[in-house]
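Keep in mind that this is a model prediction, so the values were computed, not measured.
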Amino acid sequence: MRRVFGVGRCRLAAAAIMVLAGSAISVQAEKTLSEFAGNQSEWVLVAIDGAPAPDGVTLTFPVPNRISGQGPCNSYSAQIVAPFPWFSLAGITATRMVCPALEAEQRYFSILEHMSAVELNGASMTLTGAGESLRYRAR
């Protein structure tokens, strides 16, 4: 009887390992936004909630699961923590230069950190979430 119980435990352990391995494989197989948007592409913000965006705001994907860019005043970066087509950032960091467009920049960063989904359509990318949207075009 012990032997049968031992074999059952081994089978259970093997099944658990297979499930865990399958989970790890599926997580690793998920595509990141940077793979779809292009690591070398620069995206220029053209609209916030349908209204014209401040000049000079960009977004890039320098490495998988990271964004960086230029706000109206400061450069910024953050980690993407959700697989495509979802969008979620962890910790936007930015330089601390002061300029006349600082209020517009703070609004942009606030909206950016609340985005939850992304739609890519050729040279257009739209981030949406919390009832707001950011629309970019590839440069």
Looking at residues at least two apart in the chain, or sitting in another chain, which of them share a salt bridge (charged side-chain N to carboxylate O under 4.0 Å, His left out) with Arg107?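 Partners of Arg107 under the salt bridge (charged side-chain N to carboxylate O under 4.0 Å, His left out) test: Asp49.
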Under the criterion side-chain contact (heavy atoms from CB on, under 4.5 Å), I'd like the reasoning laid out for Leu45 against Thr58: C-alpha separation, chi angles, the key distance, then a yes or no. CA-CA 6 Å; Leu45 183 66; Thr58 64; over 6 Å; no
Kindly compute the distance separating [atom1] ([X]) from [atom2] ([Y]), expressed to the nearest 0.5 Å.
X	Y	atom1	atom2	answer
Leu127	Trp43	CG	CH2	10.0 Å
Leu59	Leu112	CG	CG	7.0 Å
Tyr108	Cys73	OH	SG	13.0 Å

Could you please spell out the steps behind the side-chain contact (heavy atoms from CB on, under 4.5 Å) verdict for Arg137 and Met125? CA-CA 6 Å; Arg137 69 172 161 68; Met125 176 174 63; over 6 Å; no
Pairs under 3.5 angstrom only: tabulate donor-acceptor contacts from the side chains of residues 77-102 to other protein residues two or more places apart or in another chain.
residue	atom	partner	partner atom	Å
Ser77	OG	Arg66	NH2	3.4
Ser77	OG	Thr93	OG1	3.2
Thr95	OG1	Asn74	OD1	2.8
Thr95	OG1	Ser75	N	3.3

What pair of heavy atoms forms the shortest contact from Val57 to Pro54, and how long is it?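 For Val57 and Pro54, the tightest heavy-atom pair comes out as CG2-O, 3.7 Å.
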Is there a donor-acceptor contact under 3.5 Å linking the side chains of Ser133 and Thr126?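 Side chains of Ser133 and Thr126: no pair found under 3.5 Å.
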So Tyr136 and Val44, side-chain contact (heavy atoms from CB on, under 4.5 Å) or not? Walk me through it. CA-CA 5 Å; Tyr136 301 82; Val44 177; over 6 Å; no
Membership question, hydrophobic clusters at under 4.5 Å side-chain separation (ILVMFWY): are Ile111 and Tyr76 in the same one?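 In one cluster with Tyr76: Ile111, yes.
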